Amino acid sequence: MGSIVPFQDLNLLPSPFCTNPTTTLLTPKIEPKAEPLDEPIHTHQFEFHHNTPGPFNSSSTIAFFPNSQNTPVPEPNFDQDNVFSEYYRISELFRSAFDKRLQQQYGDVEALDPDSRAIVSVNQDNQLSTAVVSRRKYDKRSSDLVRVQDLGMDDQKYFRDVVRKTRMLYDSLRIISVDEEEKRRGLGQGRRARGDLTAASMMRDNGLWLNRDKRIVGPIPGINIGDLFFFRMEMCVIGLHGQAQAGIDYLPGSQSVNGEPIATSIIVSGGYEDDEDSGDVIVYTGHGGQDKFNRQCEHQRLEGGNLALERSMHYGIEIRVIRGIKKYEGSVSSKVYVYDGLYKIHDCWFDVGKSGFGVYKFRLLRIDGQPEMGSTTLKFAETLRTRPLSVRPKGYLSLDISMKKEPMPVLCFNDIDNDHDPLYYEYLAKTVFPSFVYNLGSTGAGCGCVSGCTYGCLCAMKNGGEFAYDNNGSLLRGKPVIFECGPFCQCPPNCRNRVSQKGSRHRLEVFKSREAGWALRSLDLIHAGDFICEYTGVVLTMEQAQIFAMNGENLVYPNRFSAKWAEWGDLSQVLSDYIPPSYPSIPPLDFAMDVSRMRNAACYISHSATPNVLVQFVLYDHNNLMFPHIMLFAMEHIPPMRELSLDYGVADEWTGKLAICNE
DNA sequence: GGTCTTTCACAGAG
DNA sequence: CCTCTGTGAAAGAC
């Protein structure tokens, strides 16, 4: 049995090597007008073991504070078979044991007197807890304050995947709903649809918002420092910040165990003139006292979020900080939000603001030992894009290894050793297929849209009656293969159905990292669904590939990439009657690619089981289904400077890295 | 449990 | 650039 983690001693940084995840239910049950916690709350700790696989694996420990102070705690007498795998069920169990309100709400819950500190006994078959869960509508946020820490690698991967899929669905819904709206009204007619709001409400109606069954203090599982968001609703959906507009998110006093509000996250967007933001130190202004033009017109009061921040300072509770940055290049919206990590509030005072009215101010200091702030990286990348040598005088081997074969430069950077390897390959901007590929199949079938393609054109029909991309060039729905307009079409080059054939729109950088060898990143932010680049090489038939393989060459086998395209734009989770458009089935791909002499930036992309890049097959310059182009799209918003990764679908022995790049 | 109020949105117009 | 406006939605307060 471990020890309970006192508030003051929290290890705030999940160690990647820690295999013993713990969740602490926080009940800041302090006597009214309590002094700061000089001594840890002394309690026994219960451990609740559960063996079924789930988000918390079998080594998980759930620790919690019993609800009051000094009564002796009986040693828990658990039946080891009473096991629950899902976190929320455990949460419900604790709630039923300690919360009389739940008993009033659900008469059939067998909740004991909270003061007895005994765990409610539950039927062997879990029927009680599932009954509670199914009856409970998660239309309101929970009042359980919880801290999740020390997640093991498996749990981190699990939550990262849940968050990624949720965000992917959100973005698909947002893009598709805007696209449908424009289809209905015509491009540029009237006010643009608020896809950010539509997507959020559809997901809420389907119970797909994350972390509503608990209020998380500290890090959100699956969210890393530096992660980007383009809409406030995006952060609501995953539970990073639950307010659609307000800057301070908090558990209200009316729901708190001791009646005091507790703040959990803030957004620093520059909406208050008295803010001072110097990165590690923030002077944050409380809310209130503004008129509708955001001008301070009266004194602020110590209530709501302001009081919550003060109470969080009192208890030493960490605050998530998200920064909003206006007009960042490449953003699909007017703002970019970046998660910058955890801060603690050190001071709170009432001050006279620039307006002459009284405002509350909070000095926050960033907690040490966290990864670099995402906003710092965003700013760094901004200068790197325009003047790379001013911030990095050493380390650049080339400012464009593509030698202008790509529309954007492909940089090459190494500041850790003398390896110049990427300079020695001929840069291949587009895959070239054997000539017979171009001769097979009907080559004359192009669309005749002389003044640009519209819905219903021949190429749209080939894609199941819709275009594969929206007007920003984002992938709408993944398909077995996408048919872009090509040389047989009459449409102009700016046609919306010619996204991937134009090459990368982002400044890519091949770089050497200590962990993964040569790798790839972007100096521009990449929006989820954006085209990144083609994966090029010299195409070999399988007969040729066998000879190459016998000579020890490592080849790329396109049919091995995991079929992540199927997850992109799959709306079956929110639309029960959603039937994916029917696609022509394509034959299994029967070729390999040699990248030992000619290659582009793509072959430096690292392997990951939770990748941020997906493969989508595309045809445009010929109609041979057996030989599509391998096109790469972003599966999530990728911040500048973050390493790109791809699921090569390779076996375990091929760990971490495509061997061909490190030969 | 409704209804009201507050809120560091968002996009487009001028 | 800025300011302003309409529409909008969540959630806390009462």
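On a predicted model such as this, the values are computed, not experimentally measured, just so you know. Lettering follows sequence order; numbering is per chain, from 1.
- Counting any heavy atom pair closer than 4.0 Å across all strands shown, A/Gly324 reaches no nucleic acid atom.
- Atoms CZ (A/Arg212) and C1' (C/dG12) sit 13 Å apart, rounded to a whole Å.
- Taking the six-membered ring where the residue is Trp, A/Phe350 and A/Tyr360 present tilted rings, their angle falling between 30° and 60°.
- Look at A/Arg507 and A/Glu329 and you find a salt bridge, because one of the NZ, NE, NH1 or NH2 atoms lies within 4.0 Å of a carboxylate O, short of that distance.
- Taking side-chain N and O atoms only, A/Arg215 has a distance below 4.0 Å to OP1 or OP2 of C/dG12.
- Counting only N and O atoms by type, the side chains of A/His314 and A/Glu260 include no donor and acceptor under 3.5 Å apart.
- Side-chain contact, A/Ser256 with A/Asn258: a donor N or O sits under 3.5 Å from an acceptor N or O.
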The test is ring pair (Phe, Tyr, Trp, His ring centres under 6.0 Å); show your working for A/Tyr284 and A/Phe362 and say whether it passes. CA-CA 5 Å; A/Tyr284 192 76; A/Phe362 303 88; 7.3 Å; no
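- Two residues, A/Arg194 and A/Tyr250, neighbour DNA chain C, and the one matched to the more 5' nucleotide by heavy-atom proximity is A/Arg194.
- B/dT7 and C/dT7 have their C1' atoms separated by 15 Å, given to the nearest Å.
- Closest approach of A/Ile248 and A/Tyr250 over heavy atoms only: O-CD2, 3.6 Å.
- Contact annotation: A/Ser334 side-chain N/O to B/dA11 OP1/OP2 distance is under 4.0 Å.
- Electrostatic pairing of A/Glu234 and A/Arg174 does not count as a salt bridge here, judged by no charged N lying under 4.0 Å from a carboxylate O.
- One atom, OH of A/Tyr360, and another, C1' of B/dC8, lie 19 Å apart when rounded to the nearest Å.
- For the side-chain contact (heavy atoms from CB on, under 4.5 Å) test with A/Arg232, the passing option among A/Leu197, A/Asp196, A/Ile267 is A/Ile267; the others fail.
- When the nearest nucleotides of DNA chain B are assigned to A/Ala193 and A/Ala246 by heavy-atom distance, the more 5′-ward of the two goes with A/Ala246.
- When the C1' atom of B/dC8 is taken as reference, atom CG of A/Leu309 falls 13 Å away, rounded to whole Å.
- Each of A/Gly289 and A/Ser333 was matched to the nucleotide of DNA chain B holding its nearest heavy atom; the match closer to the 5' end belongs to A/Gly289.
- Between C/dG12 and A/Gln255, a contact under 4.0 Å exists linking OP1 or OP2 to a side-chain N or O.
- Take the nearest nucleotide of DNA chain C for A/Thr198 and for A/Gly253: the residue whose nucleotide is more 5' is A/Thr198.
- Contact annotation: A/Lys335 side-chain N/O to B/dA9 OP1/OP2 distance is under 4.0 Å.
- A/Ile266 has its CD1 atom 10 Å from the C1' atom of B/dC8, to the nearest Å.
- Using a 4.0 Å heavy-atom cutoff across all strands shown, A/Gly305 reaches no nucleic acid atom at all.
- Listed nucleotides: B/dC8, C/dG12, C/dA10. Nearest to the side chain of A/Ser201: C/dA10.
- In a base pair of the Watson-Crick type (N1 to N3 plus N6-O4 or O6-N4) or a G-U wobble (N1-O2 and O6-N3), with each distance short of 3.5 Å, B/dC8 is matched with no nucleotide.
- Contacts of residues 221-234 of chain A with DNA chain C (heavy atom under 4.0 Å): A/Met233.
- Using a 4.0 Å heavy-atom criterion, one finds that A/Asp275 contacts the bases of the nucleic acid, with or without backbone contacts as well.
- A/Met235 places its CE atom 7 Å from the P atom of B/dC10, with the value rounded to the nearest Å.
- Looking at heavy-atom distances under 4.0 Å, A/Arg174 makes no contact with the nucleic acid at all.
- Taking a 6.0 Å sphere around CZ of A/Arg301, one finds it holds 12 or fewer heavy atoms contributed by other residues, nucleotides or ligands.
- OP1 or OP2 of B/dC10 has at least one side-chain nitrogen or oxygen of A/Tyr337 nearer than 4.0 Å.
- Rounded to an integer number of Å, the gap from A/Asp249 CG to C/dA11 P is 8 Å.
- Between A/Gln243 atom CD and C/dA11 atom C1' there is a gap of 6 Å when expressed in whole angstrom units.
- Atom NZ of A/Lys327 and atom P of C/dC2 are 9 Å apart (whole Å).
- Of the candidates B/dC8, C/dA9, C/dT5, C/dT5 carries the atom nearest the A/Phe293 side chain, counting heavy atoms from C-beta on.
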